[in-house]
Amino acid sequence: METLKIRTGKRWKKRTRQIKKDNRRTKKRVSRTDPGAGHMKRPGKPQGQYYLSHQTLDSGHGIIIGLTVTPGDVHDTAPYLEQVEAVDQRVIPPQAAAADSAYDFPLVHRELEKLGIEFFVRPQPARDRTQAEFKRDAFTYDTAKDVYICPNGNALYPNGLFWEYWAGRKDCGSCPLRGKCLSAEDKRGARKLLDRYFKPSVQRHFSRRWEPEYREALKQRQVWCEGTFAIQKRRHNLTGVLRRGLGAAEDHCLLSSVALNLRRMIQSLN
């Protein structure tokens with residue numbers, strides 16, 4: 001945190017307040033029948049009022065060793081770190097963790113690295129919304145100087161809490177490649193690239209993406225996690241709850257997990 005404060009300088013407190021203010025939701029859909037449920041709206045998912053079951057499984061036998069239930073409008077990463085820490089302290093210290101692309105979040109990479117847990121995660125698809133011809137890959141990062149170098153050889157310097165690398169307005173104004181690097185609607189007049197504070201941790205994890213161990217971990221996650229949810233939905237009616245409230249939803253998911261764990265424990269003994 002001190003390193004972050006030194007890097008951002010005087011803008012630290014001002015920017016923190018601004019970020020918190022900008023992230024507040026002014027509108028929220030609430031169910032009159034079950035106010036504890038949350039409105040879920042995700043690509044490829046049914047839209048409506050739901051609860052979400054977040055589960056951590058052992059890859060050896062598929063035993064559910066961690067469970068958290070949240071309203072449907074809570075992001076998957078919100079309970080993840082607390083759940084991993086609870087497993088580490090109360091069950092068994094994990095050596096590695098695998099997750100789908102929803103958990104590809106810089107803070108998760110950093111915290112698992114601090115706990116000494118190898119992290120295998122499917123990267124989120126790149127979303128470059130710039131309208132210019134030159135995308136992020138056209139810029140080269142200089143580690144020694146902590147700057148990005150544009151295709152014309154000019155430097156983009158860091159500026160701000162989220163490592164915003166800005167080019168000089170004069171450099172962009174006289175650049176012969178301006179038409180390819182900036183869109184006609186760009187009012188800033190200079191190119192900007194965005195990096196996260198925990199980028200080194202993310203890069204260290206993704207540097208192993210093509211190793212057989214990495215691919216095997218993602219395969220095990222697909223088999224156990226997705227397979228377990230499919231069983232719970234089909235056999236334990238986990239697609240809906242019979243009683244209202246977050247506590248009732250949690251009871252339903254806990255009973256489903258206990259029943260499934262007992263079955264798998266007996267199968268492993270045999």
Side-chain angles (χ1 to χ4, degrees), residues 1-23 75 77 80-81 99 101-211 214:
M1 191 62 71
E2 289 300 321
T3 305
L4 185 62
K5 187 174 181 180
I6 294 171
R7 180 76 176 273
T8 54
K10 296 180 180 179
R11 293 189 175 195
W12 164 249
K13 293 183 179 179
K14 181 179 178 181
R15 281 188 175 272
T16 303
R17 288 197 298 270
Q18 186 66 33
I19 289 166
K20 288 182 179 179
K21 181 181 178 181
D22 292 345
N23 282 344
H75 194 271
T77 56
Y80 184 68
L81 290 176
S101 59
Y103 299 87
D104 178 20
F105 192 74
L107 181 61
V108 175
H109 284 269
R110 175 57 177 165
E111 290 302 313
L112 291 186
E113 187 178 55
K114 285 173 61 178
L115 291 172
I117 301 173
E118 294 184 71
F119 192 39
F120 306 100
V121 62
R122 195 177 303 278
Q124 289 189 5
R127 298 177 182 176
D128 195 333
R129 297 183 177 88
T130 57
Q131 302 299 319
E133 181 179 340
F134 286 150
K135 301 300 182 182
R136 187 186 182 92
D137 294 341
F139 295 77
T140 306
Y141 181 68
D142 188 330
T143 307
K145 297 181 180 179
D146 188 24
V147 297
Y148 276 91
I149 306 299
C150 78
N152 196 41
N154 294 312
L156 284 76
Y157 294 94
N159 179 18
L161 177 61
F162 290 101
W163 293 186
E164 295 178 353
Y165 289 81
W166 285 85
R169 294 180 185 273
K170 292 183 179 180
D171 292 335
C172 289
S174 59
C175 181
L177 303 175
R178 179 184 174 88
K180 296 182 178 181
C181 198
L182 293 174
S183 63
E185 296 79 16
D186 197 324
K187 299 179 180 179
R188 294 187 300 266
R191 185 63 185 263
K192 179 185 75 171
L193 297 180
L194 183 68
D195 268 349
R196 296 295 183 181
Y197 182 61
F198 301 123
K199 180 181 176 181
S201 300
V202 178
Q203 290 178 325
R204 279 191 288 271
H205 285 140
F206 283 150
S207 65
R208 303 183 56 196
R209 276 181 61 192
W210 311 114
E211 295 180 6
Y214 201 103

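Numbering of residues begins at 1 and proceeds along the displayed sequence.
Heavy atoms only, all atoms of each residue included: Ala167 and Ala190 are closest at O-CB, 3.3 Å. In terms of heavy-atom proximity, Val121 sits nearest to Tyr103 at CG2-C, 4.1 Å.
Considering only heavy atoms from C-beta on, Val108 comes within 4.5 Å of Tyr80 through its side chain. Residues Phe206 and Asp104 are in side-chain contact: their nearest non-hydrogen atoms beyond the backbone lie under 4.5 Å apart.
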Hey, mind stepping through Glu118 and Arg208 against side chain to side chain contact (heavy atoms under 4.5 Å, CB included) and telling me if it holds?
CA-CA 10 Å; Glu118 294 184 71; Arg208 303 183 56 196; 2.3 Å; yes
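Not counting sequence neighbours, Arg122 has no partner by the salt bridge (Lys or Arg N to Asp or Glu O under 4.0 Å) test. The side-chain contact (heavy atoms from CB on, under 4.5 Å) search around Glu111 returns Leu81, Leu107, Lys114, not counting sequence neighbours. Taking Tyr148 as the reference, Arg136, Asp195, Lys199 meet the side chain to side chain donor-acceptor pair (under 3.5 Å) condition, with sequence neighbours excluded. For Ser174, there are no side chain to side chain donor-acceptor pair (under 3.5 Å) partners two or more places apart in sequence or in a different chain. Partners of Pro106 under the side-chain contact (heavy atoms from CB on, under 4.5 Å) rule, at least two apart in sequence or in another chain, are Arg196, Phe198, Val202. The side-chain contact (heavy atoms from CB on, under 4.5 Å) check on Lys170 picks up nothing, with sequence neighbours excluded. Taking the ring-ring contact (aromatic ring centres under 6.0 Å, His included) definition, one finds that Phe119 meets it with His109, His205, sequence neighbours left out. For Arg209, there are no side chain to side chain donor-acceptor pair (under 3.5 Å) partners at least two apart in sequence or on another chain. For Tyr214, the ring-ring contact (aromatic ring centres under 6.0 Å, His included) criterion is met by Phe120, not counting sequence neighbours. In this structure, the side-chain contact (heavy atoms from CB on, under 4.5 Å) partners of Asn152, at least two apart in sequence or on a different chain, are Cys150, Asn154, Cys175, Pro176, Leu177.
Atom SG of Cys172 is separated from atom CZ of Arg178 by 6.5 Å, given to the nearest 0.5 angstrom. In this structure, the separation between CD1 on Ile149 and CZ on Phe139 is 10.5 Å, given to the nearest 0.5 Å.
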